[in-house]
Every structure is written in structure tokens, then in C-alpha cells.
Amino acid sequence: MRNSKSYRWVVAITAGAITATSFISLTSFSVATPFIAQTMGMRTDLVNAIGVDAFSIALFVAFLMGSGGFFDTKIKLGVFIAQVSLIIPQFLIPILLSPWFLALLRFSQGLVIMMLALFSIQLTGWFKPTERALSLSFTMGAIPLGGAIGGISSSYFLKFGWQKMYYISGLFMLLGAVIYFGFSKTSKSFEEKVITSKAKVKVNIWTKKITWMMGFLPMPVAWSLFSMGGFLPTFGYHLGYKPSQIGILMLMWGIAGGISCFVGAIIGDSLAKRKSNNQEIFHARLIVMLMANVLVGVGALLMLCLGSRSFSWLIVGAILNTFSQILAPNYWASLSNIFPPALIGVGAFALGLLSNIPSAVGPLISSWMINQTGWNGFFMVMIALAIVGILLDLFITHIDVLNKEEA
């Protein structure tokens, strides 16, 4: 493993920077949707459905693109493809005003999610197993923080018109790309280790039980993240709170989500440092993942039962719910503990594919539940999923980790 104690943090920070600028800019669609609809002469809900559905479908395609192991030793090429797929549509959406082009361009932007798997692989080459969660927290925390900052900045730049707001957001994306490609490097020694391991290990990632179990483990957290991000403002209005309060609620939700990644990483790395092998390190991180599933359920329960009593309780419930993202850095830091070097790349994309199923079906089912059963059904699904996540976590704790090599 290439080892530079100072430079490795540059790699982690640049990965966080490009992720943050990407998600700051991606929020421009949600802010501009009513104005895009007006310009195109379409209903707002239809434009929103086209943009969100196309983006969600692309999340699966993004992880399928790396499932063959092509990017295992071509990390920066993968990031380049993700950024091109993200940035070019940002400048074309204001020009190509048709539902078909909107669907195509939003699909293209959804491919950016592959960076989560790519950075997980890249940082594995720079950090020890007991330090990887903190390195990944820069990337994972940048998603909710970028969304929160993007919501504020996009609303501000909207005064120049939604098209110009899109262009300004595109400049943020370009800035993040310049920072990453200007300062980030991959670990050559790790790439050599992957190539050597591939010559010895010939296993289909999909035949491993741990792939499926780990793929399903974060679903409650992912379901909550994607559903709550879209429906929390509507729930707040349903309870009778003012627009200014909803703005505060969403800002707190985003900031707490970002902070939670760092908190979860610190806890996970602290527990991992007391362990001596892959299995023990993995089980230590499972403790944090268990806590995340508990937070999903407790947060949902508080919002459902006490959210209507006071705005403070609603914020507390929302913060606890989004603090479930303590799972993310520990989840992605576990790759080298459960897979040998030859399978870390394909494993990252496989887990990304499975764990992102809620990003597509979660909002659709949540919307249906709200219409059919009201908000009680919406929150009860989250609580039930949290219980399933807890049970699955406890079950995985009792099996052996597949990777016996030292990462």
C-alpha cells in the first residue's frame, strides 16, 4: 500500500470536494422544477416525475457499469466519465427544452452516483482498514451537506432566472472537477495488489452470500434518506408549519446528515482500532450499522408521534432519522474486510447496485402509502424496515468474513 500520511488526506478531501460540488449543483433541479415546467408549458408534477424517475433509473445503470471490474485500476477514468455525464447536461438542460431531452439529460446526471464506489476503491488504497471510515466521511458527508448548501444557493441564484442559476451551478461542478483532477492520485501499489490478486482469485461476486446480505443491510437507511428528503417538507406543511420553519427543518436535516457521517466514522474507526483482523474489524463496524438502523426507527417514531405537538420535536425526530447516516462511512469502509483485493472493485459496484434499490422504489412506494394510508403508513414502513435491518445486522454478526487476507 502506498503510504503518505499527509497526502492521503488530500485524496480524501478532494474526493469530498468534488462530491459536494456535484450535489450542490444537483439540487438546482428540485429548486427550478416549477420554472422549468412553466417554460416548457407542462405540469410541475409531470416535469418532476420525468426528472426524478430518469435520475433514479440511472443510479442502477451507474453501478452496473462497474460490475465487470473495468474501473478497478482506472478510478480517475471512472470519475471523469461520471463528471462529464453530470456537467454537460447541466449546461444543456436550459437549452434543450423538451421532455425527451430532459429525461435523457437527467438520466445522464444520475450516473454521477458511481463516484461513491470509485472513491471507496481509491481510498482503500491509501488508508488502513482502521482509518477508512473517517477518510470516506468526507465523501459521504458531502452528499447531505452539498444538498443543504445547494438548496440555499440555488434559491439565491434563482433571482437571475432558472437558466442562469443552472449555469452558475455548472460552474460549481467545474470547480470541484478541477480540484479533484488537479490534486488527487491513485495508489499504484494498491493497483498492483489488485492485479496480482485477480490472477489468483476467480470467483463470481454474485455467488457470495455476503454480497447479498451486505447489499440489503443498508436499505432501511437508504429508504429513509431518499424518501424523507423528498417528503419531509410536505409532512411539515401537513402538520401546519410555516415555510420559514420548513426551510429551517430541511437545513437542519442536511447539516445533521453531513455531521453524522463524521461522527459515525470516528466511532467506527475507534472501535476498529481495538481489533486485530478483518472479521473483528468488520464486526466492530456492524455495531455502528446496527445503531444506524435503530436511529431510523426511533426518528420516524418521534416524528410520527410528537412532530405535531411542537416544531422542536419534529426537528429532533428528523435529526435522529438523518443521523442514521453514521452507517455510510462504516459500510463502505468494510469492503476490504469482506472481499479480497481482486473483488473490492466489483464488490463496491455490486453493493452499490443492491443498496440503491430504495432510491428508485422507496419514493414511489412512499408516495403510494401516503395516498392510501396517510402519513401513518409512510412512517410505519420506515419503522418496519428498521426492525428488519436490525435483525439482518445481528444475523450477519454471526457469520465469518470472507476475506482472510490483511487489507
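When reading the values below, keep in mind they use all heavy atoms of this one structure, side chains included, and skip hydrogens, waters and symmetry mates. The structure presented is a predicted model; accordingly, all values stated were derived computationally and were not measured.
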Undergrad: More than 12 non-hydrogen atoms from neighbouring residues, nucleotides or ligands closer than 6.0 Å to NZ on Lys273, yes or no?
TA: yes
Undergrad: Do Ile143 and Leu116 come within less than 4.5 Å of each other through their side chains, counting heavy atoms only?
TA: yes
Undergrad: Ring centroids only, cut at 6.0 angstrom: are Phe55 and Phe29 within range, meaning strictly under it?
TA: no
Undergrad: Once you measure the plane-to-plane angle for Tyr167 and Phe91, does it fall in the parallel (<30°), tilted (30-60°) or perpendicular (>60°) bin?
TA: parallel
Undergrad: List the residues meeting ring pair (Phe, Tyr, Trp, His ring centres under 6.0 Å) with Phe349, not counting sequence neighbours, and say none if there are none.
TA: none
Undergrad: Mind running side-chain hydrogen bond (donor to acceptor under 3.5 Å, both in side chains) on Thr73 and Glu192 for me, showing each step along the way?
TA: CA-CA 9 Å; Thr73 55; Glu192 293 170 1; over 6 Å; no
Undergrad: Answer yes or no on whether Lys74 is positioned over the face of Phe70, meaning its NZ or CZ is under 6.0 Å from the six-membered ring centre and within 45° of the axis.
TA: yes
Undergrad: If you count the non-hydrogen atoms of other residues, nucleotides and ligands that lie under 6.0 Å from CE in Met252, is the total more than 12?
TA: no
Undergrad: Taking the six-membered ring where the residue is Trp, are the ring centres of Trp9 and Phe127 under 6.0 Å apart?
TA: yes
Undergrad: Answer yes or no: are there more than 12 heavy-atom neighbours, outside Phe183 itself, under 6.0 Å from its atom CZ?
TA: no
Undergrad: Tell me, please, whether Tyr331 has Arg285 positioned over its six-membered ring: NZ or CZ under 6.0 Å from the ring centre and within 45 degrees of its axis?
TA: no
Undergrad: Quick one: does Phe101's side chain get under 4.5 Å of Ile93's, heavy atoms only?
TA: no
Undergrad: Answer yes when Arg132 and Asp269 have at least one side-chain N-carboxylate O distance shorter than 4.0 Å, and no when they do not.
TA: no
Undergrad: Relative to the ring of Phe172, is the ring of Phe157 parallel (under 30°), tilted (30 to 60°) or perpendicular (over 60°)?
TA: tilted
Undergrad: Taking side chain as C-beta onward, heavy atoms only, is Ser22 less than 4.5 Å from Met115?
TA: yes
Undergrad: Just by distance, with hydrogens left out, do Trp162 and Thr39 show a side-chain donor and acceptor under 3.5 Å apart?
TA: yes
Undergrad: Tell me if the aromatic rings of Phe379 and Phe235 count as close, with their centers under 6.0 Å from one another.
TA: yes
Undergrad: Find out whether Val263 and Ile259 are in side-chain contact, i.e. whether some heavy atom of one side chain is under 4.5 Å from a heavy atom of the other.
TA: yes
Undergrad: Going by atom types alone, do Ser366 and Ser227 pair a side-chain donor with an acceptor below 3.5 Å?
TA: yes
Undergrad: Parallel, tilted or perpendicular: which fits the ring planes of Phe63 and Trp332, with parallel below 30° and perpendicular above 60°?
TA: parallel
Undergrad: Walk me through whether Ser85 and Gln109 qualify under side-chain hydrogen bond (donor to acceptor under 3.5 Å, both in side chains).
TA: CA-CA 5 Å; Ser85 300; Gln109 289 193 314; over 6 Å; no
Undergrad: For Phe160, does the CZ atom sit with more than 12 other heavy atoms under 6.0 Å from it, leaving out its own atoms?
TA: yes
Undergrad: Does any donor atom in the side chain of Gln122 or Ser187 lie under 3.5 Å from an acceptor atom in the other side chain?
TA: no
Undergrad: Are the side chains of Ile168 and Tyr156 in touch, meaning some heavy atoms are under 4.5 Å apart?
TA: no
Undergrad: Looking at Tyr237, I want to see if its OH is surrounded by more than 12 non-hydrogen atoms of other residues, nucleotides or ligands under 6.0 Å.
TA: yes
Undergrad: Can you confirm whether or not the ring centre of Tyr7 sits under 6.0 Å from the ring centre of Trp126?
TA: yes
